[in-house]
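Down below is the structure, laid out as C-alpha cells.
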Amino acid sequence: MPNLPDVVVWSIPAFVLLTVVEIISVRLRPDEEDAGYDAKDAAASVSMGLGSLFFGFLWKFQDVAIYGVVYELTPFRVPLVWWTLPLMLIAQDFFSYWSHRSHHVIRILWACHVVHHSSRKFNLTTALRQPWMTFTVGFFFLPMVAAGVHPAVLAFCSSLNLVYQFWVHTERIDKMPRWFEFIFNTPSHHRVHHASQGSYLDRNYGGVLIVWDRLFGTFVAETERPVYGLTKNIRTYNPLRVATHEYVAIAKDIKTANSWSERAGRLFRGPGWSPQDGTPVPVVSTAKEPATRETVAASGEAPVPSGS
C-alpha cells in the first residue's frame with residue numbers, strides 16, 4: 001500500500017491562518033457589498049467541518065470495504081509514478097465534477113450536499129461547512145478503482161482536490177489572470193456556484209478544473225453580485241439540524257405522498273420536484289416564503305433572500 005499523507009489534516013494550520021488573515025482583512029478593509037462574516041454562521045461552519053472529520057472517518061470504512069473488493073477483482077494496476085499522478089488527479093477531478101453535479105440534481109444526494117450551500121455568507125469558513133452524510137460520494141469514483149488505481153492513491157487525490165477548493169471560498173479575491181480563469185476553478189467561478197439567483201443556480205461544478213463545466217455546458221461567468229445561500233434558507237445554526245434538515249424534509253414528503261411513484265420522485269428527482277405534471281410548479285418568491293430551488297429555475301426569477 002502506498003504510504004501517502006493525509007493532506008487535509010496537514011493543511012488545517014494553513015486553513016486557520018488564512019481564515020484569520022481574511023477576518024482581519026474584512027475588518028480593516030470592509031466592502032459593503034460583500035456578505036462578510038457573522039460570528040454564529042462562522043461557528044456553525046467550523047462545527048460542521050469538525051463533525052465532517054469524525055463522520056468522514058466512519059464512512060471511510062464503507063469506502064475501504066467496497067474499494068478493496070473492486071481493487072482485488074480488477075486485473076488492472078496503475079503504478080504510482082511521476083507521470084501517472086497528474087493523470088489520476090485529472091481523472092479524480094473529472095469524476096468529482098459528475099459527483100458534484102449529481103448531488104445537485106438528485107434530491108437524496110442533494111440532502112447531503114445542501115449543507116455546504118446553507119450559509120448566506122461566503123468566506124473561508126464556508127469552505128469548512130462540509131456534510132456529514134457523505135456515504136453517497138464514494139460510489140462515483142469506483143471506475144478509477146476498477147481501472148487499477150489503488151484506493152489509497154484515490155484518497156490522496158481526493159484530499160488534494162478538497163484542499164485546493166478551500167481558497168476559492170472568498171470574496172477578497174476578485175479575478176485571477178484570464179488564462180487561469182479559463183482553466184481552473186477560482187473564487188469568481190465558485191461565487192457563482194454558491195449563489196441563489198436563477199441564472200446562477202446549478203452552475204460551475206468544477207473542483208480544481210473549470211474546463212469540465214465549459215465542456216458540458218454548465219459554466220456561467222460572474223456578472224451580477226451573487227446572493228448566497230439557498231432559494232429557501234434555513235433559519236438555524238444548530239449543526240445537527242444543518243446536517244439533517246433536508247433528510248427530515250424528504251421523510252415528511254414521503255410520508256404525505258399519495259403513490260409510490262410520487263415517493264420515488266421525492267427521492268430521485270430534483271430537490272424541488274412536484275408531482276403535478278412531473279414538473280415544478282412556478283411560484284412567486286417573497287421574503288417570507290422564498291421559492292424552492294427548482295421553482296426558481298423553472299420561472300427564471302431571482303429569489304428574494306430572507307433575513308439579510
Side-chain angles (χ1 to χ4, degrees), residues 4 6-9 44-74 91-119 126-147 149-163 165-166 193 202 205 207 230 234 236 238-255 263-271 273 293:
L4 297 169
D6 189 330
V7 182
V8 173
V9 173
S45 294
V46 172
S47 298
M48 296 305 300
L50 293 174
S52 73
L53 292 176
F54 172 75
F55 287 101
F57 176 77
L58 296 182
W59 297 124
K60 279 183 181 179
F61 289 101
Q62 167 196 278
D63 292 341
V64 167
I66 296 173
Y67 289 168
V69 171
V70 173
Y71 187 74
E72 288 301 318
L73 292 176
T74 183
Q92 191 279 335
D93 196 58
F94 172 79
F95 288 110
S96 179
Y97 167 87
W98 287 107
S99 171
H100 194 176
R101 185 169 176 173
S102 298
H103 278 75
H104 271 253
V105 299
I106 300 172
R107 191 181 181 193
I108 189 61
L109 303 184
W110 172 245
C112 162
H113 187 62
V114 66
V115 170
H116 186 59
H117 286 263
S118 60
S119 174
T126 309
L128 305 178
R129 186 177 285 229
Q130 295 294 320
W132 296 355
M133 308 299 183
T134 54
F135 57 89
T136 58
V137 175
F139 296 98
F140 287 88
F141 301 94
L142 279 172
M144 289 186 66
V145 180
V149 175
H150 194 284
V153 178
L154 173 57
F156 178 71
C157 293
S158 299
S159 296
L160 288 176
N161 190 295
L162 187 63
V163 168
Q165 293 181 62
F166 177 78
H193 181 70
D202 299 331
Y205 297 111
L230 306 172
I234 58 175
T236 180
N238 183 316
L240 183 60
R241 291 181 62 191
V242 172
T244 61
H245 72 273
E246 185 63 13
Y247 292 104
V248 173
I250 290 175
K252 290 179 179 178
D253 285 343
I254 290 177
K255 184 177 180 180
R263 293 183 181 94
R266 296 295 189 184
L267 278 173
F268 301 114
R269 289 181 180 265
W273 176 82
R293 182 183 189 82

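The analysis underlying the following values was restricted to heavy atoms, covering all of them including side chains, and did not include hydrogens, waters or symmetry mates.
Rounding to the nearest 0.5 Å places CD of Gln165 at 7.5 Å from NE2 of His100. Atom CE in Met48 sits 8.5 Å away from atom CG in Leu240 (nearest 0.5 Å). In this structure, CG on Asn238 lies 9.5 Å from OG on Ser47, to the nearest 0.5 angstrom. One distance of note links CG of Asp202 with CH2 of Trp110; it measures 7.0 Å at 0.5 Å rounding. Between the CE atom in Met144 and the NE2 atom in His150 there is a gap of 13.0 Å [rounded to 0.5 Å].
Using a 4.5 Å heavy-atom cutoff, the side chains of Thr244 and Met133 are in contact. Using a 4.5 Å heavy-atom threshold, the side chains of Tyr205 and Ser96 count as separate. Taking 4.5 Å as the limit, every side-chain heavy atom of Arg263 sits out of range of all side-chain heavy atoms of Leu267. Counting heavy atoms from C-beta outward, Asp63 and Phe135 have side chains that stay 4.5 Å or more apart. Put simply, the side chain of Phe95 does not reach to within 4.5 Å of the side chain of Leu154, judged on heavy atoms. Counting heavy atoms from C-beta outward, His245 and Thr236 have side chains that stay 4.5 Å or more apart. With a 4.5 Å cut-off on side-chain heavy atoms, Asp253 and Arg107 count as touching.
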In sequence, state the C-alpha distance, the side-chain angles, and the governing distance for Leu142 and Ile66, and then conclude on side-chain contact (heavy atoms from CB on, under 4.5 Å).
CA-CA 9 Å; Leu142 279 172; Ile66 296 173; 3.8 Å; yes

Take Arg241 and Ile234 through the test side-chain contact (heavy atoms from CB on, under 4.5 Å) and record every step on the way to the result.
CA-CA 9 Å; Arg241 291 181 62 191; Ile234 58 175; over 6 Å; no

Hey, mind stepping through His103 and Ser99 against side-chain contact (heavy atoms from CB on, under 4.5 Å) and telling me if it holds?
CA-CA 6 Å; His103 278 75; Ser99 171; 3.6 Å; yes

Working note: His116 + His193, criterion side-chain contact (heavy atoms from CB on, under 4.5 Å); need CA distance, chi angles, decisive distance, verdict.
CA-CA 11 Å; His116 186 59; His193 181 70; 5.7 Å; no

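Listed here is the closest heavy atom pair of Ala146 and Thr74: O-OG1, 2.6 Å. Heavy atoms only, all atoms of each residue included: Pro151 and Tyr67 are closest at CG-CB, 3.8 Å. Nearest approach of Ala152 to Leu4, heavy atoms of both residues: O-CD1, 3.8 Å. Here the closest non-hydrogen pair linking Val115 and Ala243 is CG2-CA, 3.8 Å. Annotation for Phe140 and Leu109: closest pair CZ-CD1, 4.0 Å, computed over non-hydrogen atoms. Looking at every heavy atom in both residues, Pro131 comes nearest to Ser52 through O-CB, 3.6 Å.
Tested against Trp132 for a ring pair (Phe, Tyr, Trp, His ring centres under 6.0 Å), the candidates Tyr247, Phe55, Trp59 yield a single pass: Phe55.
Relative ring orientation between Phe61 and Phe57 is described as perpendicular, the plane-to-plane angle rising above 60° on a 0-90° scale split at 30° and 60°.
Every residue was checked against the ring pair (Phe, Tyr, Trp, His ring centres under 6.0 Å) condition with Phe139, not counting sequence neighbours, and none meets it. A search for side-chain contact (heavy atoms from CB on, under 4.5 Å) contacts involving Ser119 returns Asp41, Lys121, Thr126, Arg129, not counting sequence neighbours.
Between the side chain of Arg269 and the backbone N or O of Ala264, no donor-acceptor pair lies under 3.5 Å.
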